[in-house]
Amino acid sequence: MLAEMRIQGLGVIEDALLELHAGFTVVTGETGAGKTMVVTGLHLLSGGRAEVSKVRTGMLKAFVEGRFTYAGVEGAERIVTESGADVDEDGSVIALRAVAVDGRSRAHLGGRSVPVGVLAELSEQLIAVHGQNDQLRLLRPSEQRDVIDRFAGDAVGKPLSAYREVRSEWLAVIAELTERSTRSREMAQQADLLKHGLTEIDAVAPEPGEDVDLTTQIKRLAAADELRAAATEAHVALSGSLDGDPDVPSAMALVSEALRRLSTSEDGVLRELAPRLEEASVLLADVGAELGSYVETLDADPALLEKVLARQGDLKRLTRKYAADVDGVLAWADDARRRLESMDTSEEALAELALRRDQLAVQLAAHAVEVSAPREKAAAELAAEITRELSGLAMGQAAIEVTVEQRPAEHGDTHALTIDGRAVHAGADGVDDVELLLRAHDGAPPLPVHKAASGGELSRVMLAIEVVLAHADTVQTLVFDEVDAGVGGRAAVEIGRRLARLARTHQVLVVTHLPQVAAFADQHLVVDKGHSGGVTRSGVKNLKQTERVSELARMLAGMDNETGRAHAEELLATAEKDKAEFVPKRKRAAKKK
């Protein structure tokens, strides 16, 4: 949810801090005071279009900063993590949007500069703004289908998941079949090249790391005389002359003599050094033995050298064509074999793929029907519930219809299925097109909701939908701007009551001019306009209970007098009584304690 928001230099608001309630918060104020700047600030914070005209006169930049809590919202947690944002100790993250008078816009999340689109993605997970000019969610066909699916829950969700799984495999088979059919000549040429390469590699039959081993062996064979001389001289230095000449000193003889002298010494310090010389003597003997064996195995063999060089030449021909070394050549061969398996363009292979495609199409059609049936049922139930909600929102004659119709496949549609003898398009969300229709009054034809409803009515339709879908909505914060436009009296009370009911499961923020709506709020913020030095400045104030009475009196009668205050107190009392009636029992029990 949105814990707090700060606005600086936006419209008439110079600097304002909004600490928001987790339930129902209402924003009121006189006309022109800047109430709409609160919604404008939310738009900017949600990645909306930046308008230079909204920057306050005399300021270089406008800033909107919001603190969000998002625990349990997987999509929001992913976005925050991927953007590298710093999270505060309380688990909240701060989003910032700045708009300069030169048109430049900057976005930050958790102290990190991010694209504006990141704020848009985050807001989609946490905030839904419903204003007279912000009904895009309701106008998109995909959103209307999502409304039905959210309402239906698992009845649509489970078969839709199965449908998508089969569709993914079906599309993969179609793509493979299309590629093999349309690129048969090209693939046949590629297959011939791969087969030729494999034949060449298999003829040489290289072993992993063989080129490295051959290089080492060649160096040894080519330098056999030099290596023999070096090893022999080292052996003589350790063990003495090969013919036993006593005049040739050896390291082992010298160490043995030193060991004899230390061992027979009467000094304890010298005797303690003897074991270390014994270890050195053993080590020298081991090295000497290994040098002797090395010299015996080191023979110059021109025939072997020629054979090894020929083998190296065979490997180099492969590494020049296929990879930098033998291991790379072997990897190329493995990849070539895998590619050949997918390049079979024979009639038998294509027929097998076509059969698999048709089998999956039958399965997919069955899953599509399993998705459509609960959608149609949910559409009828949702339409009835939304219509009932609208009756209490000054739209008593209005009725909602929700149509669910299969989308016909167009000519040449590669994603077409046959269901009940009709070719339909198999989209990612099924085969259905969903549309919300509104019949404005008895006798009026049902029209798409955005064509039949005015701006204020569209907001109320959205409110009705949100109330009905409250149990399934994953968005935590709902914002309504002038949702009560064009209504008053009892209808306004009903709007307030529904918003308060919605606030039991969501954070609700409403900009309103109706006292009947404001009375139901858990928190009342007022945008107050003042003048100083010929400049208009507005700020936001959180009203106490006594101050709420004065504000409601102003909204009711246009002035804060005794009669207006009495009406305001009565309105507040009535709202509190109404809210108490639909507070869940567990919450009432908690309050009594």
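Since this is a predicted model, take the numbers as computed values, not measurements.
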- For A50 against L44, the heavy-atom pair lying closest together: CA-CD2, 3.8 Å
- Item | side chain to side chain contact (heavy atoms under 4.5 Å, CB included) between M5 and L45, worked out | CA-CA 9 Å; M5 182 171 70; L45 208 55; 4.2 Å; yes
- Return yes if a side-chain donor-acceptor contact under 3.5 Å exists between R97 and S105, otherwise no. yes
- Message: Using the side chain to side chain contact (heavy atoms under 4.5 Å, CB included) criterion, which residues pair with D90? Sequence neighbours excluded.
- Response: R67, D88, S92
- Please report the closest heavy-atom contact between V449 and V461, naming both atoms and the distance. CG2-CG1, 4.0 Å
- Are E74 and R78 close enough, and set up right, to give a salt bridge (charged side-chain N to carboxylate O under 4.0 Å, His left out), and what steps lead you there? CA-CA 6 Å; E74 293 183 4; R78 174 186 56 79; over 6 Å; no
- Query: Side chains of I127 and F68: does their closest heavy-atom pair fall under 4.5 Å?
  - Reply: yes
- Inter-residue atom distance E494.CD - R501.CZ, 0.5 Å rounding: 8.0 Å
- So, the side chain of R167 versus the backbone of A426: is there a donor-acceptor pair under 3.5 Å, distance only? yes
- Is there any salt bridge (Lys or Arg N to Asp or Glu O under 4.0 Å) pair reaching into residues 38-48, and which pairs are they, with sequence neighbours excluded? none
- Minimum-distance pair of heavy atoms, taken over all atoms of L119 and G47: CB-N, 4.2 Å
- Task: Please report the closest heavy-atom contact between L160 and G430, naming both atoms and the distance.
- Result: CD1-N, 4.3 Å
- The reported gap from CH2 in W332 to CG in L198 (rounded to nearest 0.5 angstrom) is 5.0 Å
- Message: Tell me whether D413 contacts the main-chain N or O of H425 through its side chain, where contact means a donor paired with an acceptor under 3.5 Å.
- Response: no
- Message: With a sphere of 6.0 Å drawn around CD of Q359, does it hold more than 12 non-hydrogen atoms of other residues, nucleotides or ligands?
- Response: yes
- Task: Taking the side chain as every heavy atom from C-beta outward, state whether Y163 and V431 have any pair of such atoms under 4.5 Å apart.
- Result: yes
- Message: Determine whether a donor-acceptor pair (N or O, by modelled atom type, separation under 3.5 Å) exists between the side chain of T387 and the backbone of A383.
- Response: yes
- Item | F24 backbone acceptor or donor facing D522 side chain under 3.5 Å | yes
- Can you tell if the side chain of L436 reaches within under 4.5 Å of the side chain of I465, non-hydrogen atoms only? yes
- May I ask you to decide if G23's main-chain N or O and H21's side chain share a donor-acceptor pair within less than 3.5 Å? yes
- Spacing of OG1 belonging to T477 relative to CE belonging to M1, to within rounding of 0.5 Å: 7.5 Å
- Closest contact, heavy atoms only, A152 versus A378: CB-CB, 3.7 Å
- Message: Between K35 (side chain only) and V27 (backbone N and O only), is there a donor and an acceptor less than 3.5 Å apart?
- Response: no
- Message: Are L42 and L509 packed together at the side-chain level, in the sense that at least one heavy-atom pair is separated by less than 4.5 angstrom?
- Response: yes
- Task: Working to the nearest 0.5 Å, report the span between CG of L194 and OG1 of T199.
- Result: 10.5 Å
- Message: Salt bridge or not between D420 and R422? Use side-chain N to carboxylate O under 4.0 Å.
- Response: no
- Would you check if R106 and K61 make a side-chain contact, meaning some heavy-atom pair closer than 4.5 Å? no
- Would you sort out whether L499 and V517 count as a side chain to side chain contact (heavy atoms under 4.5 Å, CB included), showing the intermediate values? CA-CA 8 Å; L499 289 168; V517 173; 3.8 Å; yes
- Item | Donor-acceptor contact below 3.5 Å, side chain E401 vs main chain R439 | no
- Task: Check for a donor-acceptor pair, side chain of S123 on one end and backbone N or O of A120 on the other, with a separation under 3.5 Å.
- Result: yes
- Give, for atom CG of L171 and atom CG of L360, the distance between the pair rounded to the nearest 0.5 Å. 10.0 Å
- Item | Heavy-atom side-chain contact between H367 and V371 under 4.5 Å | no
- Message: Check this for me: does any side-chain nitrogen of one of R356 and E176 sit under 4.0 Å from a carboxylate oxygen of the other?
- Response: no
- Give every residue pair that meets the side-chain hydrogen bond (donor to acceptor under 3.5 Å, both in side chains) criterion with at least one member in residues 426-437, sequence neighbours excluded. R145-D429, R164-D429, S372-D432, R375-D432, R407-D433
- Message: Within a 6.0 Å radius of atom CD on E352, are there more than 12 heavy atoms belonging to other residues, nucleotides or ligands?
- Response: no
- Could you check V402 against I386 for side chain to side chain contact (heavy atoms under 4.5 Å, CB included), going step by step and ending with a plain yes or no? CA-CA 10 Å; V402 183; I386 295 175; 5.5 Å; no
- Query: To the nearest 0.5 Å, how far apart are CG in L122 and CG in L126?
  - Reply: 5.0 Å
- Heavy atoms of other groups near E4 CD, more than 12 under 6.0 Å: yes
- Does R112 use its side chain to pair, donor to acceptor, with the backbone of D86 at less than 3.5 Å? no
- Between R320 and K316, is any pair of side-chain heavy atoms under 4.5 Å apart? yes
- Taking C-beta and beyond as the side chain, do I79 and Y70 meet within less than 4.5 Å on heavy atoms? no
- Message: Applying side chain to side chain contact (heavy atoms under 4.5 Å, CB included) to V118 and E82, what does each step give before you reach the verdict?
- Response: CA-CA 10 Å; V118 172; E82 291 180 354; over 6 Å; no
- Message: Looking at E165, is its backbone amide N or carbonyl O close enough to the side chain of S168 to form a donor-acceptor pair, meaning the two atoms are under 3.5 Å apart?
- Response: no
- Message: Quick check: closest heavy atoms across A85 and V93, and the distance to 0.1 Å?
- Response: CB-CG2, 4.1 Å
